[in-house]
Asks: 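Have a look at this one.
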Amino acid sequence: MTYEPYRIIGADRPSRWLITCDHAANTVPPFVNDGQLGLARGDMERHIAYDVGAAGLAEALAEAMNAPAILSNFSRLVIDPNRGEDDPTLLMKLYDGTIIPANRHAGPDELERRLNACYRPYHTALAELAARRDDTVIVSVHSFTRQLQGREPRPWHIGLLYASDTRLAKPMLRLLRDEKDLCVGENEPYGGHLPGDAIARHAIAYQRPNVLIELRNDLIETKDHQGEWGNRLAPIMEQALKQSGA
């Protein structure tokens, strides 16, 4: 089979929403160290390799909103599409206490090879999807682990990340905080501004309304849970967009 670094779902769906999932897969392409990074299978199933449950949530959300979605098809440990090309964490050699053997000695030539084979095709396809309408709204779907090694458990069920453009994030935060069963993080568990990341590149640079959703990964481990969250979030997002006036 021919390797494809991304997949697109519902390319012809008419919605102005575009759902993206930068860390959808734990795939290691065959041209990267013969298809493996030197990690145990258990490590490749953890959050260090991809955003657990995020792909299914992105698909469910896109279906609920009749929107297209683009999902990466390479592990964030191969190369991270949610980093700028000059970011030192673009190709990680150590993540959450785990050394990545196949990356330890990866130099500039290997980085360029992975950029050309995985990272750049993904971003080219994302750019084309975003440009299909003049009023595109970008929602980036991610998940986070409840607890990093040696750290306190994170209290949030869901977090919204944003940088300078708060048009969509602020009303969505208000609506989510009205849901009494949720602990909602604002720019948690990470900050929302990372120069050159996917949102900066495809949304902020074009003044497109945007938000990045972080959902705790133990809440979306199954297809049923992913579907439930997709159906729960879709009307909240639609209401937030109306309130934003964007």
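Counting begins at 1 with the first residue of the sequence.
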Asks: If we ignore hydrogens and angles and just use 3.5 Å, is the side chain of Arg104 paired with the main-chain N or O of Pro101 as donor and acceptor?
Replies: no
Asks: Test Asp22 against Arg76 for side chain to side chain contact (heavy atoms under 4.5 Å, CB included), laying out the working first.
Replies: CA-CA 8 Å; Asp22 301 320; Arg76 66 194 302 168; over 6 Å; no
Asks: Looking at Gly159, is its backbone amide N or carbonyl O close enough to the side chain of Glu214 to form a donor-acceptor pair, meaning the two atoms are under 3.5 Å apart?
Replies: no
Asks: Can you tell me if Asn103 uses its side chain to pair, donor with acceptor, with the backbone of Met92 under 3.5 Å?
Replies: yes
Asks: For residues Phe31 and Tyr3, establish whether the separation of their ring centroids is below 6.0 Å.
Replies: yes
Asks: How many angstroms lie between atom OG1 of Thr20 and atom NE2 of His202, to the nearest 0.5 angstrom?
Replies: 8.5 Å
Asks: Determine, using the 4.5 Å side-chain heavy-atom cutoff (strictly less than), whether Ile199 and Leu241 are members of one ILVMFWY cluster.
Replies: no
Asks: Report whether Ile220 and Met237 are members of the same hydrophobic cluster (ILVMFWY, side-chain heavy atoms less than 4.5 Å apart, transitive linking).
Replies: yes
Asks: Are Leu233 and Leu219 linked, directly or through other ILVMFWY residues, by side chains that come within less than 4.5 angstrom of each other?
Replies: yes
Asks: Does the Asn231 side chain pair with the main chain of Gly227, one donor and one acceptor, at a distance under 3.5 Å?
Replies: yes
Asks: Taking Leu168's backbone N and O only, do any of them form a donor-acceptor pair with Ser244's side chain (distance below 3.5 Å, no angle check)?
Replies: no
Asks: Within the 4.5 Å heavy-atom criterion, are Ile213 and His142 side-chain neighbours or not?
Replies: no
Asks: List the atom of Ala25, the atom of Tyr50, and the distance in Å for their closest heavy-atom pair.
Replies: O-CB, 3.2 Å
Asks: If we only count heavy atoms from C-beta on, is the Leu215 to His157 side-chain gap below 4.5 Å?
Replies: no
Asks: Report yes if some heavy atom in the side chain of Leu182 is under 4.5 Å from a heavy atom in the side chain of Arg232; otherwise report no.
Replies: yes
Asks: Can you give me the closest heavy-atom contact between Ala69 and Ala62, atom names plus distance?
Replies: CB-CB, 3.7 Å
Asks: I want to check something: taking the side chain as every heavy atom from C-beta on, are Gln239 and Leu175 in contact at a cut-off of under 4.5 Å?
Replies: yes
Asks: Do Asn26 and Phe74 come close enough that some side-chain heavy atom pair is under 4.5 Å?
Replies: no
Asks: So, Asp43 side chain and Thr98 main chain: donor-acceptor pair closer than 3.5 Å or not?
Replies: no
Asks: Could Lys223 and Glu228 be called an ion pair, given the rule that one side-chain N must be under 4.0 Å from one carboxylate O?
Replies: no
Asks: Determine, stepwise, if the pair Asn210 / Val137 fulfils side chain to side chain contact (heavy atoms under 4.5 Å, CB included).
Replies: CA-CA 6 Å; Asn210 66 87; Val137 180; over 6 Å; no
Asks: Take a 6.0 Å sphere around CG of Asp178 and say whether it holds more than 12 heavy atoms from other residues, nucleotides or ligands.
Replies: yes
Asks: Decide, yes or no, whether a salt bridge links Asp165 with Arg208 under the criterion of side-chain N to carboxylate O below 4.0 Å.
Replies: no
Asks: Yes or no on side chain to side chain donor-acceptor pair (under 3.5 Å) for Thr89 and Asp87, after CA distance, side-chain angles and deciding distance?
Replies: CA-CA 5 Å; Thr89 65; Asp87 192 303; 2.6 Å; yes
Asks: Between Glu179 (side chain) and Asp181 (backbone), is there a donor-acceptor pair under 3.5 Å?
Replies: no
Asks: Glu59 versus Leu71: any side-chain heavy-atom pair under 4.5 Å?
Replies: yes
Asks: Under the side chain to side chain donor-acceptor pair (under 3.5 Å) rule, what do Asn73 and Thr27 come out as? Steps first, then yes or no, please.
Replies: CA-CA 6 Å; Asn73 187 33; Thr27 306; 3.0 Å; yes
Asks: Please name the pair of heavy atoms, one in Cys118 and one in Val78, separated by the smallest distance, quoted to 0.1 Å.
Replies: SG-CG1, 4.4 Å
Asks: Over all heavy atoms of both residues, which pair between Ala11 and Pro68 is shortest? Give the atoms and the distance, please.
Replies: CA-CB, 4.2 Å
Asks: For Met172 and Leu160, run side chain to side chain contact (heavy atoms under 4.5 Å, CB included): C-alpha distance rounded to whole Å, both residues' side-chain angles, the deciding distance at 0.1 Å, then the answer.
Replies: CA-CA 8 Å; Met172 192 170 169; Leu160 297 186; 3.7 Å; yes
Asks: When rounded to the nearest 0.5 angstrom, what distance separates CG in Leu126 from SG in Cys21?
Replies: 11.0 Å
Asks: List the atom of Ser143, the atom of Val52, and the distance in Å for their closest heavy-atom pair.
Replies: OG-O, 2.8 Å
Asks: Could you label the plane-to-plane angle of the Tyr95 and His47 rings as parallel, tilted or perpendicular, counting under 30° as parallel and over 60° as perpendicular?
Replies: perpendicular
Asks: Nearest 0.5 Å, what's the CZ-CG distance between Arg113 and Asp109?
Replies: 10.0 Å
Asks: Using 4.0 Å as the upper bound for N to carboxylate O, is an ion pair formed by Arg146 and Glu152?
Replies: no
Asks: Taking the six-membered ring of Trp156 (Phe, Tyr or Trp), confirm whether the NZ or CZ of Arg154 is under 6.0 Å from its centre and within 45° of its axis.
Replies: no
Asks: State, yes or no, whether a side-chain contact exists between Pro5 and Ser72 at a heavy-atom distance under 4.5 Å.
Replies: no
Asks: Under 3.5 Å, side chain of Arg133 to main-chain N/O of Pro14, donor-acceptor pair present?
Replies: yes
Asks: Surrounding CG of Asn116 (heavy atoms of other residues, nucleotides or ligands, distance under 6.0 Å), is the total greater than 12?
Replies: yes
Asks: Please find the pair of heavy atoms, one from Tyr190 and one from Phe144, that lie closest to each other, and give the distance.
Replies: OH-CB, 4.1 Å
Asks: Other residues, nucleotides and ligands only: do more than 12 of their heavy atoms fall within 6.0 Å of CG on Asp12?
Replies: no
Asks: So, Arg114 and Glu110, do they make that salt bridge, N to O below 4.0 Å?
Replies: yes
Asks: To the nearest 0.5 angstrom, please state how far the CG atom of Leu129 sits from the OH atom of Tyr6.
Replies: 8.5 Å
Asks: Yes or no on side chain to side chain contact (heavy atoms under 4.5 Å, CB included) for Asp80 and Leu91, after CA distance, side-chain angles and deciding distance?
Replies: CA-CA 7 Å; Asp80 193 333; Leu91 198 159; over 6 Å; no
Asks: Would Glu85 and Arg120 pass as an ion pair if we require N to O under 4.0 Å?
Replies: yes
Asks: So, taking the atom named CG in Leu176 and the one named SG in Cys183, what distance separates them when rounded to the nearest 0.5 Å?
Replies: 11.5 Å
Asks: Same cluster or not: are Ile70 and Val141 linked, directly or through other Ile, Leu, Val, Met, Phe, Trp or Tyr residues, by side-chain heavy atoms under 4.5 angstrom apart?
Replies: no
Asks: Please determine whether residues Leu111 and Val28 belong to a single hydrophobic cluster, defined as Ile, Leu, Val, Met, Phe, Trp and Tyr linked transitively by side-chain heavy-atom distances below 4.5 Å.
Replies: yes
Asks: Within the supplied structure, the quantity of interest is the number of heavy atoms (other residues, nucleotides, ligands) at a distance under 6.0 Å from Tyr206 OH; does it exceed 12?
Replies: no
Asks: Any chance you could measure Ile79, atom CD1, to Glu112, atom CD, to the nearest 0.5 Å?
Replies: 9.0 Å
Asks: Below 4.5 Å, heavy atoms only, C-beta onward: do Leu90 and Arg83 meet side chain to side chain?
Replies: yes
Asks: Determine, step by step, whether Asp51 and Arg46 satisfy the salt bridge (charged side-chain N to carboxylate O under 4.0 Å, His left out) criterion, reporting the C-alpha distance in whole Å, the side-chain angles of both residues, the deciding distance to 0.1 Å, and the verdict.
Replies: CA-CA 8 Å; Asp51 281 358; Arg46 295 200 299 128; over 6 Å; no
Asks: Is the side chain of His123 donor-acceptor paired with the backbone N or O of Pro81 at a distance under 3.5 Å, no angle test?
Replies: yes
